[in-house]
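To keep things clear, I will list the structure first and then write my remarks on it.
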4 protein chains.
Amino acid sequence: MTGIRDEQTAGTDRRRPGRPRDPVAEQRILDAAIDEFLERGPARFTIDGVARRAGVGKSTVYLRWPDRDALLVESVRARSRSIEDVDTGSLRGDLIRLTTNLLRFLRDPLGYATFRITVDAVANPAYEHIARELAQKHRHAARRVFDRARTRGDTIDEAAVDPVVECLYGAVTMQVLNHGLDMASASEVDLEAHCTSTVDLVLRLLEP
Amino acid sequence: MTGIRDEQTAGTDRRRPGRPRDPVAEQRILDAAIDEFLERGPARFTIDGVARRAGVGKSTVYLRWPDRDALLVESVRARSRSIEDVDTGSLRGDLIRLTTNLLRFLRDPLGYATFRITVDAVANPAYEHIARELAQKHRHAARRVFDRARTRGDTIDEAAVDPVVECLYGAVTMQVLNHGLDMASASEVDLEAHCTSTVDLVLRLLEP
Amino acid sequence: MTGIRDEQTAGTDRRRPGRPRDPVAEQRILDAAIDEFLERGPARFTIDGVARRAGVGKSTVYLRWPDRDALLVESVRARSRSIEDVDTGSLRGDLIRLTTNLLRFLRDPLGYATFRITVDAVANPAYEHIARELAQKHRHAARRVFDRARTRGDTIDEAAVDPVVECLYGAVTMQVLNHGLDMASASEVDLEAHCTSTVDLVLRLLEP
Amino acid sequence: MTGIRDEQTAGTDRRRPGRPRDPVAEQRILDAAIDEFLERGPARFTIDGVARRAGVGKSTVYLRWPDRDALLVESVRARSRSIEDVDTGSLRGDLIRLTTNLLRFLRDPLGYATFRITVDAVANPAYEHIARELAQKHRHAARRVFDRARTRGDTIDEAAVDPVVECLYGAVTMQVLNHGLDMASASEVDLEAHCTSTVDLVLRLLEP
DNA sequence: GCCTAACCGAGACGGTACGTCGGGTCTTTTG
DNA sequence: CAAAAGACCCGACGTACCGTCTCGGTTAGGC
């Protein structure tokens, strides 16, 4: 999946004329952007600050990203923990793992930033791309889990699959939204326990 | 619930000395703020713009709201449809109505704005108040629905109530997030149909 | 003669509501601009630098002057020695004084800057105003000198007056242009001596 | 007189190894520079613009001229009408021709540009070379005129020669400065008439 | 017929300044 | 004597050039 970053090579792998872009600068900018983001938050995230921190001219930044928002999205996207696949051997285990992963993701500053951007995307077309990408990732992860369950011979009420996934993801999101500030110090164990109980509850809906 | 707005008269109806506040200014600012918000979105919402639009000096705004975020919150809050109580005579009917209301709320620009502010509240303490208020409203609405169900003699698995509500609200939120851009033209009937099927699904979880 | 500076009160001496422009800031900007100009020259003269030096925000500068050129012109104009009237009792004395003044003016960095701006004015309309003003001043000064001569009863070839003045001013300008860099250390006495000899020469042209 | 342009062959006419410079590029750059200069003026004259216009890389420009100012000077110099010698058979005729030539030169955009550069040269050492060169040309032209007059047996007040030339050149310059904008449409005949009357006036100063 | 060196175009690089805009404060006049 | 108006300082925005640099590729003479 390509990023929002302006692509130097458009539709061709042929080398473009002129001095090639410095790949080191690219990484330095992204690193600086992450630091800037984590230190100052999304509102006080500044192109000037990123360029200064990266030891790079502003034009070098603007050559790659069209504006502040694009850099913000890209830098967050580049670092946010991806939703890796899970395979615990059972549908229940997979769903618990999946849900816990999402909860962990949302409680991480970068993950939550990604979520915020996703939320903004409904109103801000600049963010649409990253939003779609994230939604797709989550859908794919869920699909794989259920595909494996079917392969194992589990009997599943197919009509319930999509709504159940929606409920699970939604319940986790609600958790973070409603208790985000209070559960700041919740332990990993608590997270998993909560996810387990939620999964055990909705699992009944999948029985035919 | 009072607003965040600075109050001039604190506990007394006695006329305060000095020039009285322009009673019209308040409303003109709020109206202008709403317009500004709807036209330019939350990120490009500016005090300068609101003041200009309202035909008012910036300090007139700052006299009433401490900063940009406070005005943004207040103006959105003042206009966003509140979650009114529902009573259809059955738990199922109430939940369908409740869910449909939330879906409608989130699909309205101002309602969605309120949601975005709630999301930002996790990172921005300035928004904490409105976020808590909204969450509380939703919780209360749900609680009333279930209280009435108990009064009617319905047998409910009490342990499942909170998770089920969380799932319902979460599922609706996921709907808007994932299909927000695509379902722009979905009809009212579709909304209700979708909510009905979701409610019918999770309703099984409440049976003891 | 008013400057190019944006006028706050347009067509009325009535005090405007709101905080008035800080007259101190005005002067601090002009002083800083002069310093900036003298230290770095017209090409490296910078609004950022002036604002920094004056301890003033850039917007405070842009509130008064529309752009870099306007501030440059105004600051130079404000300080450049004006062509004061001279009255030595004789036409010859007056012309020597007038010519020496112009020579001194042109050899002073600010005066020369004014001259450069005048030269640029032919191509750059932004400078037209100051150019016309300077030319007019010089014309008036010469006119007064000759008016007094006529009053004293001197017989003058009227047809020669304008060309002679043109020659005198032009000769001085040529001096500065051609020897500007070399005569950096010329003394005041030298200046006057040179002007005297030129005046004595062209004075013959005024005899009827 | 050689230009400021970097010379490829330093002190030897021996062919240097490597690819020789493209002689066409040289001319294309100069042409583009002239166009750029005439369209945008000296202040907004940019190397980027010249290179773009000439269809040439920036390095090709910087290989030949050390910086923006040098290219500006060279391009103007290369095109500005040179002060050719004049020989009409009489001192009066020569001076009229000389003066008219200068007036025409100054009223031409490129000629005036050269003059502006000369004026800037007093403060900007980068322009010193072209300024000296122009002054020298003018001095030589005048010297030749007077040499021929002496050869023809004219009796001339030698002490008055230099000041008179200074006055003539100066008067023409003043003309352009003061009336530059207004006399835009003056005809060739008018120019010559004005020069004639000025020459006729100052000619008296040369009689011993 | 390669080798080497300088040129060519293209364009990225770190900088600096531009003129605009917005946030939140401060200083006047107004009611 | 507080409200209102608007100037204040600050600093980021995105753009445009500067003069330098690094590419891939071209064009000659020397070997």
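Since this is a predicted model, take the numbers as computed values, not measurements. Here is how names work: the chains are called A, B, and so on, in the same order as the sequence lines, proteins then strands, and each is numbered from 1.
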- Item | Arg64(D) CZ - dA6(E) C1' separation (whole Å) | 12 Å
- Divergence of helical axes at both termini of the helix from dG1(E)-dC31(F) to dG31(E)-dC1(F) - five pairs an end, 10° steps: 10°
- Task: Nearest whole angstrom, please: distance from the C1' of dA12(F) to the CD of Glu36(A).
- Result: 11 Å
- Message: Each nucleotide in nucleotides 20-27 of chain E should get exactly one letter: B, S or -. Can you fill that in based on protein heavy atoms under 4.0 Å?
- Response: B-BBBBBB
- Item | Distance, rounded to the nearest Å, where Trp65(B) contributes CH2 and dA4(F) contributes P | 11 Å
- Query: Looking only at side-chain N and O atoms, does Arg28(B) come under 4.0 Å of OP1 or OP2 in dA4(F)?
  - Reply: no
- Query: When you check the phosphate oxygens OP1 and OP2 of dC1(F), does a side-chain N or O of Arg21(B) lie under 4.0 Å from one of them?
  - Reply: no
- Task: List in chain and number order the residues that pass side-chain contact (heavy atoms from CB on, under 4.5 Å) with Glu39(B), two or more places apart in sequence or in another chain; answer none if no residue qualifies.
- Result: Arg53(B)
- Toward the 5' end of DNA chain F, by each residue's nearest nucleotide, Gly55(B) or Gly55(C): Gly55(B)
- Message: If I compare all heavy atoms of Val56(A) with all of Arg28(A), which pair ends up nearest, and what's the gap?
- Response: CG2-NH2, 4.0 Å
- Message: So, using salt bridge (charged side-chain N to carboxylate O under 4.0 Å, His left out) as the criterion, who are the partners of Arg40(B) when residues are at least two apart?
- Response: Glu36(B)
- Item | Sequence-distant partners of Asp48(C), salt bridge (charged side-chain N to carboxylate O under 4.0 Å, His left out), two or more places apart | Lys58(C)
- Query: Considering residues at least two apart in sequence or located in another chain, which fulfil the side-chain contact (heavy atoms from CB on, under 4.5 Å) criterion with Ala33(A)?
  - Reply: Phe45(A), Val50(A), Leu71(A), Ser75(A)
- Answer yes or no: is there a donor N or O on one side and an acceptor on the other, between the side chain of Arg21(D) and the main chain of Leu63(D), under 3.5 Å? yes
- dG25(F) phosphate, OP1 or OP2: any side-chain N/O from Arg16(A) under 4.0 angstrom? no
- Message: Among residues at least two apart in sequence or on other chains, which ones pass side-chain contact (heavy atoms from CB on, under 4.5 Å) with Arg116(B)?
- Response: Val119(A), Asp120(A), Ala123(A), Pro42(B), Tyr112(B)
- Atom-pair distance (CG on Asp22(C); P on dT29(E)), nearest Å: 13 Å
- Note on the structure: Judged by nearest nucleotide, the residue sitting upstream toward the 5' end of DNA chain E, Val56(D) or Pro23(A), is Val56(D)
- Task: May I ask you to evaluate whether Thr60(C) reaches the phosphate of dA7(F), defined as a side-chain N or O under 4.0 Å from OP1 or OP2?
- Result: no
- Message: Going by the rule salt bridge (charged side-chain N to carboxylate O under 4.0 Å, His left out), which residues pair with Asp31(A) if we only count those two or more places apart in sequence or in a different chain?
- Response: Arg79(A)
- Query: In chain order, what residues pass the side-chain contact (heavy atoms from CB on, under 4.5 Å) check against Thr118(B), with sequence neighbours excluded?
  - Reply: Ala131(B), Leu134(B)
- Task: Mind calculating the distance between CD1 (Ile29(C)) and C1' (dC9(F)) to the nearest angstrom?
- Result: 12 Å
